[in-house]
2 protein chains.
Amino acid sequence: MLHTDCGPRDDENRYRLAVGGWREQVETGLVSAGLRRGGARRAVVEYLARQDCCRSAQEIHEGLREAGVRVGIASVYRVLDLLAELRLVQRVDFGDGTARYEPLEADGHHHHHVVCRDCGRVEAFEDARLEDTLVDVAERLGYAMETHEVVLHGACGTCRSEAPA
Amino acid sequence: MLHTDCGPRDDENRYRLAVGGWREQVETGLVSAGLRRGGARRAVVEYLARQDCCRSAQEIHEGLREAGVRVGIASVYRVLDLLAELRLVQRVDFGDGTARYEPLEADGHHHHHVVCRDCGRVEAFEDARLEDTLVDVAERLGYAMETHEVVLHGACGTCRSEAPA
DNA sequence: TTGTTTGCAAACCTTTTGCACGTTA
DNA sequence: TAACGTGCAAAAGGTTTGCAAACAA
C-alpha cells in the first residue's frame, strides 16, 4: 500500500547529489568512534548511499540480497542502529509500523516528507521557515533539540484530480 | 525507557480542559456514520477522555483492565483504527515502535510533542507559526493536507542541567 | 591474537485477522 | 432479527537477542 517512491520532484529534491561525500563521512565517523569496518556495515552504507529516498531495514536487506550481497537481517538492523546513534543516518517514521532510514549530512542539512494517503507516494521537501520555527519552539520549551521529524499526510496532486471526492 | 508522561507544562498544556465535549463529539460522529455504540467503543473513548496525554493501545488495554473493565486488545485496536479514520483521535508516533492515540478536537485544534532523549519525558506544545508553515508547504507541493505529525527529540531542561556533557 | 562483527535462529512485541458468540438498534 | 461489534486465539509482520563462528586490526 505504501510504496516509498520519494518522487523525485525534479526541481527541488537534490537528495542524491548532495549525498556525495556521505560515504566518507561514515568511514571517518566509524574510525573516530573506534569501530571497525566489517562487511555488513560497508554493504548497508553503500546501499543507502545509492538510494534517492529513505529505505526500511527489510528493503535494504532485500535490495542487498538481490544484488547478491549476503547480509543477515539482524546485522542490517544493528548497522542502522549504530549509524543512527552516530548521527550518520536519520530514522524516519511514517506511522505504518516500519522504520525507514536515510543518509544524514554532517552539516545538518536535511528534509522532511509528505506521504500521499491514496497512492502512497512519498516526496521529500525542505523548508527553511519550518526549520527556524522548530528551533524556536525547542528553545522556548527549554530543550536542546537533537533531531526532529515532520511528516505530512494528504492527497497528492495527481490523486486529487483523479478522485475529486 | 520511554515513559509517556506528557509533563503538564502547567502554563501551556490545557489539553485536558479543552477535551470537555469530546465524548459527545464521538457519540455524534459514530451515529452519523451509522455505527453503533458497543461496550468496547464506549470504554476506550471514556478512557482516552480521562487522559492528559496520548496513550498506546496496550496502555489503554492495561488501564481498562486495572479499572476492572474487560475489553479485548483486538477491540482496542479496532476502536482506535475506527476513531482515527473518523478523525476523532489523532495517531501519534514517537518512533519507538508503538503507536499512541489522543483525542482530536472537531475544530482541528491540536498540538505536537517533544520527547526527552534522556528521561523519556513527553511534553505537548502548540505553535501557530508551525501550523501556518505546514499549510504553506503542503500547498506549495500541491497536496491536500489531511494530517501532519511533528516530533522533536532532545534533552529537556532538567536533563540538560543534570548531565552537562 | 583478541576483541569486534556477523549470521542464524529463536524470542519478542505490537498489530492484524478469522471466527463464533454476544449485542445493538 | 439481522446486521454489527466483540473476544479469543492464532497469525503476521517488524525488530531484538543469544550465541558460536568469522573477521578486522
Side-chain angles (χ1 to χ4, degrees), chain A residues 1-4 26-47 54-65 68-86 88-89 91-101, chain B residues 1-4 26-47 54-65 68-86 88-89 91-101:
Chain A
M1 184 62 62
L2 187 79
H3 43 127
T4 312
V26 175
E27 291 279 297
T28 309
L30 288 178
V31 171
S32 63
L35 298 169
R36 298 177 182 179
R37 252 167 321 148
R41 285 176 188 168
R42 187 164 327 147
V44 171
V45 169
E46 304 218 322
Y47 181 83
C54 48
R55 293 283 180 261
S56 70
Q58 311 274 354
E59 286 171 336
I60 294 169
H61 182 241
E62 168 83 359
L64 288 174
R65 196 175 56 61
V69 183
R70 272 179 131 271
V71 174
I73 184 73
S75 295
V76 173
Y77 279 107
R78 281 187 285 231
V79 172
L80 292 171
D81 257 22
L82 176 66
L83 295 179
E85 218 152 287
L86 295 175
L88 290 165
V89 301
R91 187 189 153 122
V92 174
D93 205 310
F94 294 162
D96 67 338
T98 310
R100 276 160 246 263
Y101 303 80
Chain B
M1 182 63 60
L2 187 79
H3 42 124
T4 312
V26 175
E27 293 278 297
T28 309
L30 289 178
V31 171
S32 63
L35 299 167
R36 299 175 182 179
R37 252 166 322 149
R41 286 176 187 170
R42 189 166 345 186
V44 170
V45 169
E46 304 218 322
Y47 181 84
C54 49
R55 294 282 180 262
S56 71
Q58 309 276 355
E59 285 172 334
I60 295 169
H61 182 240
E62 168 83 0
L64 288 174
R65 197 175 54 63
V69 182
R70 271 179 132 274
V71 174
I73 184 71
S75 295
V76 173
Y77 279 105
R78 282 187 284 231
V79 172
L80 292 172
D81 257 22
L82 176 66
L83 295 180
E85 218 151 288
L86 295 175
L88 291 165
V89 301
R91 187 190 154 124
V92 174
D93 205 310
F94 294 162
D96 67 338
T98 311
R100 276 160 246 263
Y101 303 80

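The sequence lines fix the lettering, A, B, ..., with proteins before strands; numbering per chain opens at 1.
- For the pair F94(A) CZ and dG14(D) P, the computed distance is 15 Å after rounding to whole Å.
- Going from atom CG of D93(B) over to atom C1' of dT15(C) covers 13 Å, rounded to whole Å.
- Considering only residues two or more places apart in sequence or on other chains, E46(A) meets the side-chain hydrogen bond (donor to acceptor under 3.5 Å, both in side chains) condition with none of them.
- Taking atom CZ on R55(A) and atom P on dG14(D), their separation rounds to 15 Å, with Å as the unit.
- Within the structure, every pair that satisfies the salt bridge (Lys or Arg N to Asp or Glu O under 4.0 Å) test and touches residues 31-43 of chain B, not counting sequence neighbours, is listed here: E27(B)-R37(B).
- Whole-Å rounding puts the I73(B) CD1 to dA12(D) P distance at 19 Å.
- In this structure, the side-chain contact (heavy atoms from CB on, under 4.5 Å) partners of A74(A), at least two apart in sequence or on a different chain, are R78(A).
- Map S56(B) and G72(A) each onto its nearest nucleotide of DNA chain C; the residue landing nearer the 5' end is G72(A).
- Counting only distance, with no hydrogens or angles, the side chain of H61(B) and the backbone of G72(B) share no donor-acceptor pair below 3.5 Å.
- Rounded to an integer number of Å, the gap from CG of D96(A) to P of dT14(C) is 17 Å.
- Remark: Y47(A) pairs with R50(A), Q51(A), R55(A), I60(A), L64(A) by the side-chain contact (heavy atoms from CB on, under 4.5 Å) rule, at least two apart or across chains.
- Atoms CZ (R65(B)) and P (dG7(D)) sit 14 Å apart, rounded to a whole Å.
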What nitrogen or oxygen pairs link the protein and nucleotides 10-13 of chain C at under 3.5 Å?
none

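- Listed by chain and number, the residues in a side-chain contact (heavy atoms from CB on, under 4.5 Å) with A33(B) are L35(B), L86(B) (sequence neighbours excluded).
- The distance between atom NE2 of H61(B) and atom C1' of dT16(C), rounded to the nearest whole Å, is 15 Å.
- Heavy-atom distances under 4.0 Å link DNA chain D to L35(B), R36(B), G38(B), G39(B), A40(B), R41(B) of residues 34-45 of chain B, given in residue order.
- The minimum heavy-atom distance linking I73(A) with A57(A) is given by the pair CD1-O, 4.0 Å.
- No side-chain heavy atom of V79(A) sits less than 4.5 Å from a side-chain heavy atom of V89(A).
- We find the CG-OG distance between L82(A) and S75(A) to be 11.5 Å, quoted to the nearest 0.5 Å.
- In this structure R65(A) satisfies the side-chain contact (heavy atoms from CB on, under 4.5 Å) test together with E62(A), sequence neighbours excluded.
- Two end axes, each from the C1' atoms of five base pairs, can be drawn for the helix from dT1(C)-dA25(D) to dA25(C)-dT1(D); they diverge by 40°, to 10 degrees.
- V71(A) approaches V76(A) most closely through the heavy-atom pair CG1-CG2, 3.9 Å.
- When atom types are taken as modelled, the side chain of R91(B) and the backbone of A84(B) share no donor-acceptor pair closer than 3.5 angstrom.
- Residue G29(A) comes nearest to S32(A) through the heavy atom pair O-OG, 3.2 Å, listed as atom of the first residue, atom of the second, then distance.
- For residues 75-82 of chain B, proximity to DNA chain C is found at Y77(B), R78(B), defined as any non-hydrogen atom under 4.0 angstrom from a strand atom.
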